[in-house]
There are 2 protein chains.
Amino acid sequence: MIPPDTHLQIGSLLFEGVDQIDLTGPFEVLSRIPNATYRLYGKTTEPVRDVRGLRLSPDASLAEAPQLDVLHVPGGFGQEALMEDEAVLGWLCDQAAGARSVFSVCTGALLCGAAGLLRGRRATTHWASFDLLPFFGAIPVDQRVVVDGSWVFAAGVTAGIDGALRLAAELRGVDAAQAIQLYMAYAPEPPFDSGTPERAPPAILEQARAAVAAITERRADTARRVAARLGIAP
Amino acid sequence: MIPPDTHLQIGSLLFEGVDQIDLTGPFEVLSRIPNATYRLYGKTTEPVRDVRGLRLSPDASLAEAPQLDVLHVPGGFGQEALMEDEAVLGWLCDQAAGARSVFSVCTGALLCGAAGLLRGRRATTHWASFDLLPFFGAIPVDQRVVVDGSWVFAAGVTAGIDGALRLAAELRGVDAAQAIQLYMAYAPEPPFDSGTPERAPPAILEQARAAVAAITERRADTARRVAARLGIAP
């Protein structure tokens, strides 16, 4: 826990093709952390579209970001286009080096991996990309939220809400996190039990794997290139 | 369930001061419903700010909306400013009259109530506004998701995700909803048990009630005026 009178700079990376709830799930929590400034940073300040079309606007560009205390890296199909983007990867490296906490959600972990930040780190990501973690030198941990030192990893998509509450507690204490949880009425009751590959009906899982097969293959090709660049033998 | 070859028009009301996750939680689900067009409608097409500053952009204005098959009404502090806005209330009435489903999230229920749509309806809303439902002629039901005929009500904030999955199943069948749930990795694991007034530590609840006391009082005043206008004796 950080002294309550220490102001925190919290920032999320925002990019074209983000999966919006990787960002907006944590937003609900991060924007309510006491004594903090929270902003969204994009390559430019132009609005971007999430993978399903939601328009989101950065508050400022990457270059305008101060050293962040908390760096949040969401995922989504659009992460692929940044896996060899030196400006973004360099920004992630610089920010992560000075941050108190780094919070990776979903395939945001692949971006962190491409920036060389996952070597030797216990990590998780979306189930469809989980097998790619070793290409970045990470140790895959099949949990919804994984805490490794100053890093918090949330697995797929909505896991970002669970991870953000965990992070809020690390930063400002359990009381602060519980107050946010109560405001958000976060006592989930999923109407079906289909939220993980293990629990989804087999036919649904097969269909879901088929639906993401093309992007998963592209991600695997990219991960192999990144591993070669970073000198990692998975 | 609606025939799979019937195209659905799905629309959310977007307004200044919305609580973003009342919209973005359902967005993750509604934008993935098969054979549907999903758009966000605002009073104008100008971007708005959520209650914590997230900028969101309508796809079109209320006047441009076709008759919607599914009308989604989110909440948030900004709902108060619309409780006597005839343009918005009229739009809600007209749309609800022709919609197959109406989906109210959080204090979106108060807006529906101000539009006179809750008379005799079993409904829910955010815990801080739950006691106001009778002013709109609604029958309060203390459940996270309440289904009343063609209406789906989700209680506070993140309940919109549970409600949206329920709605997806009503519209396109359980398989479709389960596929979306799996993609979203929605197998929540809240790190604390503080998501309802009953379960939150008493000190946290007291603090939370104090934090929303001013807006709750304004909402109560407005609800009384609406009840008088609608001729409802709660």
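First the proteins, then the strands, lettered A, B, ... as listed; each starts at 1. Because the structure is a prediction, the values reported are computed rather than measured.
Interface remark: Q207(A) contributes side-chain atoms only to the contact with chain B (heavy atom separation under 4.5 Å). When heavy atoms are compared at a cutoff of 4.5 Å, E28(B) approaches chain A by way of both its backbone and its side chain. Heavy atoms closer than 4.5 Å to chain A are found nowhere in R209(B), neither backbone nor side chain. Only the side chain of L40(B) comes within less than 4.5 Å of a heavy atom in chain A; its backbone stays farther off. For R199(A), the part sitting under 4.5 Å from any heavy atom of chain B is the side chain, from C-beta outward, and nothing else. Proximity to chain B is limited to the side chain of A200(A), based on heavy atoms less than 4.5 angstrom apart.
The contact list for residues 5-14 of chain B toward chain A, using heavy atoms and a distance under 4.5 Å, is empty. Residues of residues 55-64 of chain B having a heavy atom under 4.5 Å from any heavy atom of chain A, listed by number: R55(B), L56(B), S57(B), P58(B), D59(B).
Residue pairs meeting the side chain to side chain donor-acceptor pair (under 3.5 Å) criterion with at least one member in residues 165-182 of chain B, sequence neighbours excluded, do not occur. Contacts classified as ring-ring contact (aromatic ring centres under 6.0 Å, His included) and involving residues 148-196 of chain A (residues at least two apart or in different chains) are given here: W151(A)-F153(A), Y183(A)-H126(B).
Note: A187(A) leads A203(A), A187(A), G156(A) in heavy-atom pairs under 4.5 Å with chain B. Your options are A159(A), G163(A), P201(A), A155(A), and the one with the most heavy-atom pairs under 4.5 Å with chain B is P201(A). Of the residues considered (V51(A), T196(A), V157(A)), V157(A) shows the highest number of contacts with chain B, using heavy-atom pairs under 4.5 Å. The most heavy-atom pairs under 4.5 Å with chain B, out of D193(A), D19(A), D22(A), come from D19(A).
Residues S31(B) and L54(A) form no side-chain contact, since every pair of their non-hydrogen atoms from C-beta on lies 4.5 Å or further apart. With a 4.5 Å cut-off on side-chain heavy atoms, I161(A) and P188(B) do not count as touching. Between V145(B) and P191(A) the shortest side-chain heavy-atom distance does not fall below 4.5 Å.
Here the CG atom belonging to L165(A) is positioned 12.5 Å from the CD atom belonging to E189(B), to the nearest 0.5 angstrom.
Within a 6.0 Å sphere centred on CD of E206(B), other residues, nucleotides and ligands contribute 12 heavy atoms or fewer. E198(A) CD: more than 12 foreign heavy atoms inside a 6.0 Å radius.
No side-chain donor-acceptor contact under 3.5 Å links T24(A) to the backbone of I21(B). Of the possible donor and acceptor atoms, none in the side chain of R144(A) sits under 3.5 Å from a partner among the backbone N and O of P190(B).
The residues D50(A) and R32(B) are annotated as not salt-bridged, no charged nitrogen and carboxylate oxygen being separated by less than 4.0 angstrom.
Considering every non-hydrogen atom in both A185(B) and W127(A), the closest pair reads CB-CD1, 4.4 Å.
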